[in-house]
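Have a look at the structure below before the remarks.
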Amino acid sequence: MTTEKLALIPLLPLLAAAVTSFMRDGKRASIFAIAALLVSCVLSLIAFNEAWGMAADDKPKLFTIPWLAIGGTAINFGFVLNPLTGAMAAMVTFVGSLIFIYSAGYMSHDKRMARFFCYLSLFAAGMLGVVLANSLILFFMCWEVVGVASYLLISFWNHKPEAAAAGKKAFIVTRVGDMGFFIGILLVFKVTGTLDFYTEAENGILQQYDLNSQMAFGFSAATVISFLLFVGAVGKSGQIPLHVWLPDAMEGPTPVSALIHAATMVAAGVFLVARTFPLFEAGGMLPLVAWVGAITALVAAFIALGQYDLKRILAYSTVSQLGLMMVGIGAAGVSVGMFHLLTHAFFKALLFLGAGSIILGCHDEQDIRKMGGLAKPMPLTTIAYLCGTLALVAFPFTSGFFSKDEILAGAWANNQPVFWVAALASLLTAVYMTRQCMYVFPGTYRGEHAPHESPKIMTVPLLILSVFALGLGALARGSILELFPGKPVTPHPGTVVAVSIAVALGGIALGFLIYRGRAIGQTADPLALKPFERKFWFDEIYEATVGRLWTLFTIISEQLNALLLFIRDLAVEVASRIGTGFAIGGDRKLIDSLAFDGMCARLRFAGRTVTRPQNGFLPGYLRLIALGAVLLTALVLWAK
Amino acid sequence: MITALTLAPLVAAILILAMPTQRARAVAMAGALVSFALTAWLLLQFDGKLTEVKVSWIEDLGIDYHVGLDGTNALVLLLAALLAPIAVWISWGHSDRPKTYFALLSLQFTGLFGTFTALNFFHWFIYWELALVPAFFLIKLFGKSEDRHKAAINFVLFTVLGSVAMLLGFIFLYQATDSFNFIKLPGVIEEKNVEVSSLIFVAILAGLWVKVPLAPLHIWQAPVYAAAPTPVVILLTGVMSKMGVYGLLRLIVPIFPDQLSQHADMLLGFALLTILWGAFLALRQTDLKKLLAFSSLNHVAYCVLGIGALGVATTGLKIEGAHELARQGVILQMFAHGLSAAGLFYLVGLLEQRAGHRNRDGFGGLCSVTPRFAAMFYILTFCSLGLPFLAGFAAEFLIFSGSFAVAPKVTAMATLGLLATAVFLMTMLQRVFTGPVNEQHQSMPDLTRNEILILTPILILVFWAGIYPKTWLAFSQTMP
Amino acid sequence: MNEVTAFWILAAISVIGALVAVRKRNLVHGVFALLVFFAGLAGLFLLLLAEFIAVVQILVYAGAVGILILFAIMLTDRVTGKDAFRVTSRGSFWGAIIALAVFLVILLPTIREIPLIENATPKDMIVEQSSVKELGTKLIEPYIVTIEVLALLLTAALIGAVTAAQGGRASEKGENTE
Amino acid sequence: MTLALHHYLILAAVLFCIGLLGAFSRRNAVVVLFSVEIMLNAANLNFIAFWRFGTNPELLHGPLFTLFTIAVAAAEVAVGLALVIAVYRHFRSVDLESLDTLKEE
């Protein structure tokens with residue numbers, strides 16, 4: 001496969017987005033969008049296959065498109081194919097295709113379905129652009145497109161004020177991170193003079209090794225750059241403290257949550273760290289990455305314990321898992337983090353789609369307290385959901401188990417405190433997932449309308465994903481760990497394996513023990529403690545600090561503006577006072593009444609006098625002529 | 001050719017006064033189209049070199065009639081020539097004193113074209129003021145709101161005060177150099193080793209400062225934008241606010257390089273102040289036109305940021321030609337902002353026309369009532385907040401990359417402006433287009449075919465300049 | 001009878017003639033007084049040894065102009081002017097004052113110059129030099145163009161006069177026929 | 001007593017002012033016309049007197065100018081009277097006080 005064809009992978013969905021934006025018929029639009037994504041999926045798989053053949057340190061395949069050339073500086077677009085991008089593209093298109101198909105069923109009753117697929121395709125194009133970009137600027141541009149598409153999709157049901165607010169919040173919070181990213185790009189550009197990741201001449205960003213010798217803001221350039229890029233990653237991947245948008249983003253249609261807020265976009269932040277790993281390594285930012293990830297994992301897991309909204313639990317779970325990926329990259333290297341990213345994409349997409357199926361089956365009910373006993377009416381969904389749950393809680397020999405195991409092993413080897421935090425987060429994961437399942441599946445139905453199973457177009461993707469959720473880890477483990485940069489720890493210490501299995505099983509057991517035999521939904525939930533339920537008051541804290549500060553700024557600027565207006569009015573007032581002074585003292589008194597008005601009156605009088613002779617009376621004219629002559633002569637005589 | 005395109009609207013204005021009333025708009029349109037066609041023709045042949053026409057005029061004073069087209073003005077001229085017919089088109093149904101209206105509009109086109117093409121201060125200044133006078137009358141006579149008189153007076157007072165300062169500055173400069181020629185002045189100053197006083201620089205800067213406008217002389221802007229009729233706002237924000245930036249590029253940068261580098265910090269500081277101030281002002285503003293006016297303030301200030309960066313030395317940088325990046329970014333930003341702001345003001349004008357008000361919080365849910373309108377509005381808003389693949393991003397990226405290379409701290413703080421822009425524009429979208437549908441506007445009509453046609457060229461250019469800005473940057477390159 | 005006596009007599013005739021011509025209510029009487037004034041003036045010219053001018057004065061003024069004016073009076077107004085309530089125009093008092101002022105203004109320099117011009121004596125060789133022949137030669141030699149122009153002017157004036165006098169009639173006819 | 005120039009000049013001034021008085025104070029256009037003639041004649045008298053008492057009598061300037069004046073005066077009288085007649089036809093009057101259409105009402 002030539003690298004030029006690589007460009008087709010993101011361009012096909014883009015084309016679909018462009019075409020579907022003019023379509024009205026939802027069904028046709030969906031078919032078009034799905035077809036486009038399937039083709040690019042096939043292309044991605046071919047590319048992936050090719051990339052699989054490369055060794056980890058092979059030169060990547062490049063395809064560069066000059067975008068701008070100004071003053072001797074070239075700013076290029078470009079695509080790159082190496083194992084990392086290949087695998088990521090394959091995952092995005094594959095999961096994406098399944099979710100597209102699922103959405104065709106999920107959204108079939110929405111009259112704006114065509115628009116939905118337009119946005120989805122736009123998102124896919126942007127995401128694939130992010131994945132394949134060989135230039136930081138293209139990466140960022142696509143990253144922003146992804147952000148817009150996410151915004152549009154979250155607020156897709158924009159008649160709901162919550163959805164609109166959530167979309168705005170997502171956009172703005174990620175934009176905070178993006179600003180860091182943007183400054184990072186500017187700094188990279190300043191320091192290296194290029195924006196390409198790799199170039200044929202081997203002077204791309206990731207191929208320069210003297211970044212540490214450069215200084216910026218008093219630190220080494222690599223440190224500052226990687227920190228700024230990490231800010232972008234934190235925003236996009238919902239790491240603390242910028243995670244607040246992700247749970248709210250669940251206001252969007254469920255396929256959106258699955259595609260964007262579980263499998264792909266939120267992983268883009270992790271992917272960014274993975275792509276620019278050499279910078280992080282050079283800048284010594286990996287411990288920070290690991291710690292941020294670990295804290296995120298723990299805090300989000302705690303919050304997930306206290307939630308009742310089916311999708312919100314999954315959302316916090318996603319935040320938590322993203323934190324674990326960061327731990328993986330920060331503590332154990334790219335391969336480990338990416339491995340978890342890939343497996344997580346499958347099982348979290350599965351969970352979300354399952355949740356979507358449940359929500360649809362329960363007539364748009366999202367509160368787990370009003371569910372229950374769904375195992376019987378929705379068998380396929382239940383099976384798929386349980387598969388996803390097992391993978392998420394890292395039940396031994398599911399895909400989640402393998403990837404999480406690697407993370408824990410890496411953390412154990414490099415950063416033991418992080419290891420214990422991550423382990424605790426894993427335990428909590430098992431607990432909240434068990435809690436959720438206990439609420440949803442056994443027992444009796446607590447809702448009003450009888451639940452029903454979803455149509456095949458939705459369940460088939462679920463089952464396909466289930467297979468991957470269970471099996472992918474075992475299948476891909478060896479090759480992924482080998483191909484991606486960064487060597488995992490082998491063999492795993494016994495402690496790690498023991499802890500890993502213990503937290504998974506122990507968590508499940510704990511959850512089972514707590515919730516078994518309880519009148520679920522009627523009595524208070526023992527784990528939904530106030531801080532968890534209220535999400536550790538993050539939103540409130542932001543409102544009280546950043547929000548206040550922001551309002552303060554606006555008020556200050558408004559007041560300053562008012563002050564300026566006041567100064568202007570004052571100046572005008574003073575000027576007019578001075579003017580009035582002059583007008584009264586000088587103008588009216590001196591000039592008007594004495595000179596101007598007086599003169600005018602006199603002139604008018606004289607005019608009247610003078611016009612009196614102009615009466616058509618000819619002798620009068622003659623007399624005046626004579627008078628004039630007399631005066632002239634008198635003048636002449638006098639002058640002599 | 002350049003003269004013809006400048007004077008075509010003037011001829012149209014005279015013809016309008018001579019012809020029957022019902023022909024007025026057609027004549028105005030013809031004038032604008034002729035200018036546009038000539039501009040397009042000129043630009044097609046444009047090769048980056050200075051194309052000039054120079055005729056001796058008042059020889060004793062060294063004043064020539066000197067017009068020209070080069071990398072600095074090609075794109076703004078195109079912008080003006082593009083928005084002129086659009087402005088006429090938008091006012092096609094104008095029925096209040098059409099003769100006066102269209103004549104003034106045409107007169108203003110001449111002022112704008114003249115300002116962008118003149119290369120001799122003498123007649124440049126005439127055009128500069130000519131652009132102002134019709135705007136004043138258009139606002140005063142045809143504005144909608146109550147405070148249009150006050151706004152118009154404010155507008156004129158501020159800009160005239162600035163112009164007077166600039167005029168004085170140029171007269172002093174002339175005394176030192178005996179030249180009014182923009183192209184030759186830098187050479188003359190160097191050759192004669194003229195000690196240009198900072199006062200001259202500040203005086204000329206002041207005139208441009210008001211026009212841009214930069215804080216704290218921006219207070220005339222929002223009331224004027226709010227009061228002026230839509231086509232006039234489009235010209236004001238699309239083209240007239242670019243006159244100041246263009247002036248900076250044409251006068252300050254080449255003629256006063258030393259002073260610029262001396263005062264670059266000051267300029268950067270004020271640009272930053274304006275960016276943040278404008279953004280934060282827009283946050284609490286509920287009058288949509290004023291909101292967009294503050295957003296304009298913020299966007300045009302990015303241009304000034306880039307210009308300030310031109311004053312900082314670039315020694316020892318890895319980016320080759322950081323100045324060039326900033327300079328071309330500034331020009332592209334003028335183009336991009338001209339397009340997006342014109343489009344947005346047009347849409348807000350339509351909204352006001354349909355709803356009878358323009359209070360941000362008085363709408364809601366328009367997405368489902370008027371989907372096409374919403375789509376257009378969203379795209380232009382996205383362009384305005386600098387989303388990639390739309391014109392705004394390409395320009396802002398160039399400016400930021402150029403200015404970050406030389407002034408990283410200020411630029412980094414300026415990105416806060418980008419963030420604030422996102423916040424207020426998103427809030428605007430949220431309040432106007434999403435949420436439950438406001439009962440009053442349940443049956444608001446969507447865009448008509450004609451309105452879509454007006455917006456189409458703007459949208460195409462917004463995308464074109466965002467995806468493939470090379471085409472447009474070719475016009476802003478300077479060849480020796 | 002010496003010159004001085006003749007001068008005073010002629011001066012008195014002229015002044016009285018002029019005054020009567022100007023002040024007389026009856027226009028015909030006025031015209032006759034005017035003729036007297038012209039004659040007196042001719043006498044003065046004679047006294048100044050300008051015989052030819054005196055003759056022309058009699059011929060043109062007393063003869064032609066006087067008759068012309070008589071005709072004009074006949075053609076226009078009542079000869080006696082009795083219908084007019086008053087013959088003087090409005091503000092004739094001011095007219096008289098201004099006339100007096102003009103008189104003083106003219107008189108003033110004359111009186112001032114009197115010591116200078118008192119001794120200017122007329123030269124006697126003037127008699128032969130003011131002969132008609134001499135006059136004719138002087139008239140033709142340097143002023144031939146002026147003569148021609150004057151002739152043209154006279155012709156034009158004649159035609160103009162005829163046209164003006166007739167044009168009125170034509171328009172009157174036009175009015176009548178309508 | 002001998003006759004000097006100033007006698008003639010004063011006489012001419014008196015005559016001129018009589019003419020002026022007539023022109024200023026009479027209502028009848030014809031009278032105004034012959035007042036003008038009186039003034040012209042007064043001027044002629046001056047010409048002749050200056051010639052007679054002047055320095056270069058051989059140049060005959062005085063009589064020549066007088067001749068011209070007489071000729072022009074004759075033409076003027078002719079035209080003037082024609083105008084008087086025309087005015088009379090139009091206004092049915094030669095009263096100058098009623099001929100005030102020049103006045104702007």
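Keep in mind it's a predicted model, so treat the numbers as computed, not measured. Each chain gets a letter, A, B and so on, in the order the sequences are listed, and its residues count up from 1.
- For a residue to count as touching a neighbouring chain, one of its non-hydrogen atoms must lie under 4.5 Å from one of that chain's; by this rule His218(B) touches chain A with the side chain only.
- Residues meeting the salt bridge (charged side-chain N to carboxylate O under 4.0 Å, His left out) test with Arg112(A), sequence neighbours left out: none.
- Only the side chain of Phe393(B) comes within less than 4.5 Å of a heavy atom in chain A; its backbone stays farther off.
- Classification of the Phe397(B)-Trp67(A) ring pair by plane angle, with boundaries at 30° and 60°, yields tilted.
- The structure places CD1 of Ile183(A) at 13.0 Å from NZ of Lys409(B), a figure rounded to the nearest 0.5 Å.
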Show the numbers, then the answer: is there a side-chain contact (heavy atoms from CB on, under 4.5 Å) between Phe389(B) and Leu14(A)? CA-CA 12 Å; Phe389(B) 300 109; Leu14(A) 184 66; over 6 Å; no
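- With values rounded to the nearest 0.5 angstrom, Ile185(A) atom CD1 is found 10.5 Å from Ser401(B) atom OG.
- Proximity to chain B involves both the backbone and the side chain of Ala165(A), based on heavy atoms less than 4.5 angstrom apart.
- When each of Arg115(A), Arg568(A), Glu162(A) is scored by its heavy-atom pairs under 4.5 Å with chain B, the top score falls to Arg568(A).
- Proximity to chain A (any heavy atom under 4.5 Å) is shown, for Phe463(B), by neither the backbone nor the side chain.
- Between the OG1 atom of Thr411(B) and the CG atom of Leu187(A) there is a distance of 11.5 Å, given to the nearest 0.5 Å.
- Neither the backbone nor the side chain of Ala222(B) comes within contact range of chain A; no heavy atom of the residue lies under 4.5 Å from a heavy atom of that chain.
- Between the CG atom in Leu564(A) and the CG atom in Leu217(B) there is a gap of 8.0 Å [rounded to 0.5 Å].
- In this structure, chain A has heavy atoms under 4.5 Å from both the backbone and the side chain of Ala394(B).
- Heavy atoms of Leu195(A) lying under 4.5 Å from chain B belong exclusively to its side chain.
- Contacts of Arg372(B) with chain A are made by side-chain atoms alone, with heavy-atom separations under 4.5 Å and no backbone atom involved.
- Heavy atoms of Phe382(B) lying under 4.5 Å from chain A belong exclusively to its side chain.
- Of the residues considered (Pro161(A), Ala164(A), Ala69(A), Ser155(A)), Ala164(A) shows the highest number of contacts with chain B, using heavy-atom pairs under 4.5 Å.
- Using bins of under 30°, 30° to 60° and over 60° for the plane-to-plane angle, the ring pair Phe280(B)/Trp550(A) lands in the perpendicular bin.
- Comparing Val145(A), Ile567(A), Ile555(A) by heavy-atom pairs within less than 4.5 Å of chain B, the highest count is held by Ile555(A).
- The candidate with the highest count of non-hydrogen atom pairs below 4.5 Å against chain B, out of Leu565(A), Asn561(A), Val176(A), Ile75(A), is Asn561(A).
- Neither the backbone nor the side chain of Ser403(B) comes within contact range of chain A, judged by heavy atoms closer than 4.5 Å.
- Within a 6.0 Å sphere centred on NZ of Lys150(B), other residues, nucleotides and ligands contribute 12 heavy atoms or fewer.
- With a threshold of 4.5 angstrom between heavy atoms, Leu138(A) approaches chain B through side-chain atoms but not through N, CA, C or O.
- Taking the six-membered ring for Trp and the full ring otherwise, Phe189(A) and Phe404(B) have centroids separated by 6.0 Å or more.
- Within the 4.5 angstrom heavy-atom criterion, only side-chain atoms of Phe182(A), from C-beta onward, approach chain B.
- Around the OH atom of Tyr378(B), the shell of radius 6.0 Å holds more than 12 heavy atoms that belong to other residues, nucleotides or ligands.
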Derivation of the side-chain contact (heavy atoms from CB on, under 4.5 Å) call for Arg175(A) and Leu418(B): CA-CA 9 Å; Arg175(A) 187 119 178 139; Leu418(B) 284 180; 4.3 Å; yes
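- The candidate from Leu429(B), Leu416(B), Leu276(B), Leu398(B) with the greatest count of non-hydrogen atom pairs under 4.5 Å with chain A is Leu398(B).
- If you measure heavy-atom distances from Leu325(B) to chain A, the contacts under 4.5 Å come from both the backbone and the side chain.
- At least one side-chain heavy atom of Met426(B) sits less than 4.5 Å from a side-chain heavy atom of Tyr151(A).
- Counting heavy atoms from C-beta on, the side chains of Phe171(A) and Leu385(B) come closer than 4.5 Å.
- Put simply, NZ on Lys168(A) and OG1 on Thr434(B) are 9.0 Å apart, with the number rounded to the nearest 0.5 Å.
- Residue with the most contacts toward chain B among Val148(A), Ile556(A), Leu68(A): Leu68(A) (heavy-atom pairs, distance under 4.5 Å).
- Ranked by heavy-atom pairs under 4.5 Å with chain A, the first of Asn154(B), Ile467(B), Leu473(B), Leu157(B) is Asn154(B).
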